[in-house]
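Letters A, B, ... are given to chains in the order of the sequence lines, protein chains preceding strands, and every chain is numbered from 1.
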Amino acid sequence: MTFIQNIQSAAINSLKEIFNEDFTENDFQVNETKPEFKGDYTIVLFALVKTLKLSPEKLGATLGEHLLKKQSELFSGFNVIKGFLNLELAENQLTNLLNEQYHSESFGFISPTSPKKIMVEYSSPNTNKPLHLGHLRNNFIGWSVAEILKANGNEVIKSSIVNDRGIHICKSMIAWKMFAEGATPESTDKKGDHLVGDYYVKFNDELKRQVEELTQSGKSPEEAEKEAPIMLETQQMLLDWEQGKPEVMELWKKMNSWVYKGFDETYKRIGCDFDRTYFESNTYLLGKDLVQEGLEKNILFKKDDGSIWIDLNEEKLGEKLLLRGDGTSVYMTQDIGLARQKFEEYLLEKSIYVIGDEQLHHMKVLKETLKKLGFPFAEDIFHLSYGMVELTTGKMKSREGTVVDADDIVDEMISTAAQHTEELGKVKDFSEDELRELYEILGLGAMKFYLLRVDPKKRMVFNPDDSIDFHGFTGPFVQYTYARIQSILRKIQADGYDINSEENSVKEDLLPLERELIITLEKYKNALADSAKELNPALIATYVYQLAKLYNSFYSEHSVANAESESKKILRVRLSVMTANIIKSALSLLGIQVPDRM
RNA sequence: GGCCCCGUAGCUCAGUUGGAUAGAGCAACAGCCUUCUAAGCUGUGGGUCACACGUUCGAAUCGUGUCGGGGUCACCA
């Protein structure tokens, strides 16, 4: 039970006793009390006023008095201002938290109410180009959402579908054949994904050149693009691939293996992992039989050219092609098949797709199509759509090379971390290895926090000219707070203080910042539950920042090691340890590590 | 054009199922290190919540319309 839940049920009981009316927690709100008023939590009375036919002031006074009398272990005071009943929590409630939960490893973690088996599909890269900033947002969101769901007691399978075939892959292959003169990652000393990406850009340059030539000789731009020799060659290559022509397959395997090696390096570095990887080259034929069945059941219809469609006009989604006239599949075909395979393979109760919001329409169509085809799991697929990362200088476009490369930005963040650290000069005794580790922790911490602190659904803007900050609402700020606490703990332990002692219990008049800190620590449970419910890591980021900020105020105001009294010291050590534990736990859900010193 | 999303401080973002005087960070300015790490703390300035009307005890939040931005409506992936 959280404080808020305690207050809700206490209020429900009191209302029942006073007025003999039944209310639920949905009938009224319990908010945090605004700082300008006295109190910790506030019951908003307006909603109750209607059914009880009392003035807000009268209701507030009656309810407040009843709560204070009947629930004296919960509350120590109240005041009513307009329609707001401000409640003060009893100090025992607060100190109990420090006594009871201090030694608990799982502080904050919720026992699952209804654990589910959930798949989170994320990352899902194309193998024709390296990852960029937008992919990083996808990776961090997907990974973090999976961890948050786990922390809420669910069983989670992280998966990825690698788009390793198709016309776009052939583009890189054709350009490599034309221009590379046999270049390999080894011969060029370049990461494989970057090498392949270079030829994807080259393809588009060459295509543009050929289109210009053709338009000058009188073709329309559309014709020119279709008839450009390099495009014709690419289409031929796609046909050859589908027929398994050895020479093409060999090149495809070779270039993809370069890319995988590059991706693996990047994934390892940013801490992404998958329990199950699907490859489009294995799944692209899935779903064909399901479409045929749908046709036989008259759920789908056939056009004159033999192509098979679904009519989603009722859902305002138009008509959608599911199988071409020549019997080959489109993207939607395999998505239908793969959706089913996932549910059958893992007996999932929920399947989450972390995909950009540009595919909102596609994902709606997928869901509706699955519904019409009669799959009950259609209700359990969820598109976690996230907004694109845009640059202040415009949109990122791989084919034009105007992207912020993932490896580059991570390098940059780590070297910025190194630069800051050197300037501050606090860890001069660190070894080379220790320094390298610290720089990675800080650089990646800044990067991940930056991308995760924004609501996934919203698009966000990145200014490539400004480096990502290390001050304020940032990962390093929170990491710094953790390191500060570790420093205190090192000091007092060196002086012989046993931070794990169970003998002392906290009994103390709480100062305002101490009180506030306990209340904030207690809210970690809420942050965890909310972030899982909303599939939103930003709620964790916001929470942990608020906690760190509050601790820093506390830190500058009160001394832990040299507290005014021994009992104050016990209290503050516990506050510090719990703050550190929650920071570590919360950041770990964002994929961010904490340093003991920085 | 149809459908969907967005518009909050100079910039980047919070703002819970409608709740009290709309909050942070960055940037600017002024303070704070002989005492646990100044990657910090304290304070100041900065707002027509795009605009208009409506719903009600109460609207940044809900509704309608207007303006502005984005996405999508492929036998691309």
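- A:Ser576 and A:Tyr551 form a side-chain donor-acceptor contact under 3.5 Å, judged by distance and modelled atom types alone.
- Using a 4.0 Å heavy-atom criterion, one finds that A:Thr42 contacts the bases of the nucleic acid, with or without backbone contacts as well.
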Problem set entry | Worked check of salt bridge (Lys or Arg N to Asp or Glu O under 4.0 Å) between A:Glu315 and A:Lys320 | CA-CA 12 Å; A:Glu315 290 78 8; A:Lys320 179 72 192 175; over 6 Å; no
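- A donor-acceptor pair shorter than 3.5 Å cannot be found between the side chains of A:Asp164 and A:Thr127.
- Note on ring orientation: taking the six-membered ring where Trp is involved, the planes of A:Phe46 and A:Phe84 are perpendicular (angle over 60°, cut-offs 30° and 60°).
- When Watson-Crick and G-U wobble pairs are counted only if both distances are under 3.5 Å, B:rC53 pairs with B:rG63.
- Side chains of A:Gln334 and A:Ser329: no donor on one and acceptor on the other come within 3.5 Å.
- Between the C1' atoms of B:rG70 and B:rC33, the separation comes to 48 Å (whole Å).
- The gap from the P atom of B:rG15 to that of B:rA74 amounts to 34 Å, rounded to the nearest Å.
- Rounded to whole Å, atom P of B:rC36 lies 16 Å from atom CD of A:Glu557.
- Judged by atom type and distance alone, A:Asp335 does not reach the base of B:rA77 through any side-chain donor-acceptor pair under 3.5 Å.
- The pair A:Asp305-A:Lys303 fails the salt-bridge criterion, with no side-chain N (NZ, NE, NH1 or NH2) lying under 4.0 Å from an Asp/Glu carboxylate O.
- Listed in residue order, the members of residues 312-327 of chain A having a heavy atom less than 4.0 Å from RNA chain B are A:Leu321, A:Arg324.
- Distance check, rounded to the nearest 0.5 Å: CD1 of A:Ile519 to CD of A:Glu32 gives 9.0 Å.
- The same atom, C1', is picked in B:rG19 and in B:rA59; the two are 10 Å apart, to the nearest Å.
- The shortest distance between the side-chain N/O atoms of A:Lys533 and the OP1/OP2 oxygens of B:rU16 is not below 4.0 Å.
- Of the candidate nucleotides B:rG19, B:rC36, B:rU42, B:rU42 has the atom nearest to the side chain of A:Ser553.
- Aromatic stacking is not marked for A:Tyr555 over B:rG40, as the cut-offs of 5.5 Å for the centres and 30° for the planes do not both hold.
- Residues A:Gly327 and A:Lys288 share a closest heavy-atom pair of O-NZ, 3.2 Å.
- Residues of residues 477-488 of chain A that place a heavy atom closer than 4.0 Å to RNA chain B, in numerical order, are A:Phe477, A:Tyr480, A:Ala483, A:Arg484, A:Ser487, A:Ile488.
- Relative to the six-membered ring of A:Phe430, A:Arg597 misses at least one condition, a distance below 6.0 Å or an angle of at most 45° to the axis.
- For B:rC3, the OP1/OP2 oxygens have no side-chain nitrogen or oxygen of A:Lys364 closer than 4.0 Å.
- Annotation: B:rA27 and B:rA9 have their C1' atoms spaced 12 Å apart (nearest Å).
- Among B:rG15, B:rC75, B:rC36, the nucleotide with an atom closest to any side-chain atom of A:Leu539 is B:rG15.
- Glycosidic conformation of B:rC62: anti, with the torsion beyond 90° of 0.
- Contact between the side-chain N/O atoms of A:Lys458 and the OP1/OP2 oxygens of B:rA14 is found at a separation under 4.0 Å.
- Taking only side-chain atoms of A:Lys549, from C-beta outward, the nucleotide of B:rC75, B:rU42, B:rC13 with the closest atom is B:rU42.
- Here, B:rG1 and B:rU12 have their P atoms 28 Å apart, quoted to the whole Å.
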For this session: Could you give me the CA-CA distance, side-chain angles and deciding distance for A:Lys523 and A:Gln546, then say whether side-chain contact (heavy atoms from CB on, under 4.5 Å) is met?
Result: CA-CA 11 Å; A:Lys523 283 196 295 206; A:Gln546 277 168 0; 5.6 Å; no
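- Across the P atoms, B:rG25 and B:rA14 are found 16 Å apart, a figure rounded to whole Å.
- Map A:Lys34 and A:Leu438 each onto its nearest nucleotide of RNA chain B; the residue landing nearer the 5' end is A:Lys34.
- Judged by distance alone, with hydrogens and angles left aside, A:Thr542 brings no side-chain donor or acceptor close enough to the base of B:rA24 to form a pair under 3.5 Å.
- Comparing B:rA20 with B:rA28, their P atoms sit 33 Å apart, to the nearest whole Å.
- Across all strands shown, B:rU44 is found opposite B:rA28 as a Watson-Crick or G-U wobble partner, with both distances under 3.5 Å.
- On the P atoms, B:rA22 is 9 Å away from B:rA60, given to the nearest whole Å.
- Put simply, NE2 on A:His471 is 14 Å from C1' on B:rC41, counting in whole angstrom units.
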